[in-house]
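Quick note on labels: first sequence line is chain A, next is B, and so on, each numbered from 1.
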There are 2 protein chains.
Amino acid sequence: MATIYEVSELAGVSLATVSRVMNNNAKVSEKTRTKVLQAMDELGYRPNSIAQSLASNRTNSVGVLVSELHGGFFGFIMDGIENELRLANKHIIITTGHSDEAQEKSAIEFLISRKCDALILLTDSVDDDYLVSISKTIPTVLVNRKVDEMAQNCISLNNELGGYLATKALIEKGHKDIAYISGPDWKVDSHDRLVGHQRALAEHDITYQNDLFYQGDFNEGTGFEGYNELTAAPTKFTAIACGNDEMASGAMKAARKQGLNLPKDLSIVGFDNNMFASYLYPELTTIDNSAYLMGKMATDIILKNVYKQDDIAIQNVFEPKLITRNSIATK
Amino acid sequence: MATIYEVSELAGVSLATVSRVMNNNAKVSEKTRTKVLQAMDELGYRPNSIAQSLASNRTNSVGVLVSELHGGFFGFIMDGIENELRLANKHIIITTGHSDEAQEKSAIEFLISRKCDALILLTDSVDDDYLVSISKTIPTVLVNRKVDEMAQNCISLNNELGGYLATKALIEKGHKDIAYISGPDWKVDSHDRLVGHQRALAEHDITYQNDLFYQGDFNEGTGFEGYNELTAAPTKFTAIACGNDEMASGAMKAARKQGLNLPKDLSIVGFDNNMFASYLYPELTTIDNSAYLMGKMATDIILKNVYKQDDIAIQNVFEPKLITRNSIATK
DNA sequence: TTGTATGCGTTATCAA
DNA sequence: TTGATAACGCATACAA
């Protein structure tokens, strides 16, 4: 592989000059420039970005931590990051933490030792203090998480509003007896969605009933169990709002197993607008979580702060949107 | 950020010694080792992997090219790669090509200039010659693609067998009138799956009929259209085999729209075992494409050839498996 | 077992 | 507008 040195020899100029035409950041006469370009071409020269990084103290890469590489949410966030980064000629180094604290920390350490110019982290297994300390070493933006000391660098979804919109969609179709299958309470997203649900109820003078609440864990199985538990209780309902789409799917399966005709006998609304939501039957009405946009925005914060791209507007909180499909029947 | 030099000063030893304890590849007395370790700890030293790479001509990273970051197929392949790589203490640099030749080539160029130790490529937009020439520069393995000159470094699925198994599953449930909705003919996977379908038919003395064939493009919409086209023709059928799960979903939606009761009135089998397959109603019987395993194996080839890990068995072609769910009724 | 010296392929600071 | 030359942080052959 040809080096800048060989290029300089062939072109009959100095190392410095070759470097200048590569980065075209200094004046070079048209004549020498073409000479150099020609030499590069002739040698099939490709810059060694490792060497560039060492010398310039810039890797033009941003490190990303996600839980898994598969899965809709992460996929779209990564897409948002990667697309935006590519437009800026930067690139992405991805690591996974599998929602395990030790793995997440070691992934972060790795990204730092790899000299990423900045970090985008999706994590809930690592504590606030650690994140704050990291952010003092290297520009860091957090997606789907809020840490007060880093508020400017946190991107999140207004989950409360999302929960509100979901339940409101049910109410507007005439439903009053609405059950709720929640995600784990210790997750803020999950908690906020429930709060939104309750606000929608209250605003329409519907009293919230404990009988109509089931606590799941965001996995499909608990949606299934949840529906069965809820129907075992005396309080009847005509609709269910679910903390996410997986559980909505589970509830749909359980309901169908009990012989219900969907959506006629039971209306359901999900949350996340997961990839499979439109493949469900009936196609699931749900809340879009703006995953792609959040990834894009995380990148924008970095482009602005680290790579000094101006005229970029930052938005830290995203508004969820209702995606209307066919899983809600008019009552 | 502390450097190896500062560590050596604090520990009162030479640069080389510090380097030795980092890589523990040479004898260092226990006494000096602890001295060095202590100094590292005190300074919060983290090795600069960029500098390591430049000096050692090894980046411990493998470059990966996929079409998109979201989507089940790519997700699982990347998972397979990343998991295997992490166990070996190597890491992954991911780029996307969006199925566009120019973008794919520039992504590959990028990975090379980034001095990856090896490449794992998922591409169908770039020609064989280009891939062969790349593979002479840097160890390259191809997933889901076959190039004769690089046969040892190609990982693929036995799509013909998959197509065979899918249709055979239908036949074994008593179906004889089986329609087929195919992917684009120019894609080898798609073509091979069809050939497998035809073999299953032939083996059971069922004549293949053009009336029962529809050519789609692997997207859900063409599954929908396909079903409508097929039912418009005079030849009747009780089952459909689809080139992939998306089209199967489309066909299911179309059938249901025509008032059919699934799977009683129509049996369907898909291909790929896409993430949403188990969320469909009825849950889709399909063919698993071993995406995760193919990603893992691609990595293994590199671990063996590039990183010299021995005792790794290589398998270039994967056997698809039938995943039985509820979308096939007994006739 | 430890230290010295050189090189990896660039960028960047000076001079010229 | 160009050219020497010193970093960048580490690995490694060679000496000691």
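At whole-Å resolution of the value, CZ in A/Arg58 and C1' in C/dG9 are 20 Å apart.
For the side chain to side chain donor-acceptor pair (under 3.5 Å) condition, the pairs that include at least one residue of residues 299-318 of chain A, sequence neighbours left out, are A/Asp117-A/Tyr307. Note on residues 21-40 of chain B: no pairs pass ring-ring contact (aromatic ring centres under 6.0 Å, His included), not counting sequence neighbours. Screening residues 146-155 of chain B for side chain to side chain donor-acceptor pair (under 3.5 Å), with sequence neighbours left out, gives no hits. Residue pairs meeting the salt bridge (charged side-chain N to carboxylate O under 4.0 Å, His left out) criterion with at least one partner in residues 118-129 of chain A, sequence neighbours excluded, are A/Asp128-A/Arg145. Sorted by first and then second residue, the pairs that involve residues 83-107 of chain B and meet ring-ring contact (aromatic ring centres under 6.0 Å, His included), not counting sequence neighbours, are A/Phe110-B/His91. The list of salt bridge (charged side-chain N to carboxylate O under 4.0 Å, His left out) pairs with a residue in residues 60-74 of chain A, not counting sequence neighbours, is empty. Residue pairs satisfying the salt bridge (charged side-chain N to carboxylate O under 4.0 Å, His left out) criterion with at least one member in residues 75-87 of chain B, sequence neighbours excluded, are listed as follows: B/Glu82-B/Arg86, B/Glu84-B/Lys296.
Looking at residues two or more places apart in sequence or on another chain, you find no ring pair (Phe, Tyr, Trp, His ring centres under 6.0 Å) involving A/Phe74. Every residue was checked against the salt bridge (charged side-chain N to carboxylate O under 4.0 Å, His left out) condition with B/Glu319, not counting sequence neighbours, and none meets it.
A/Thr17 places no side-chain N or O within donor-acceptor distance of the main-chain N or O of A/Val13, the cut-off being under 3.5 Å.
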Practice item. Do nucleotides 3-15 of chain D as a string where each nucleotide becomes B, S or -: B if the base has a protein heavy atom under 4.0 Å, S if just the sugar-phosphate does, - if no protein is that close. Key: BB---BBBBBB--
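At a non-hydrogen distance threshold of 4.0 Å, A/Ser29, A/Thr32 from residues 29-39 of chain A come into contact with DNA chain D.
An angle of 30°, rounded to 10°, separates the two end axes of the helix from C/dT1-D/dA16 to C/dA16-D/dT1, each defined over five pairs.
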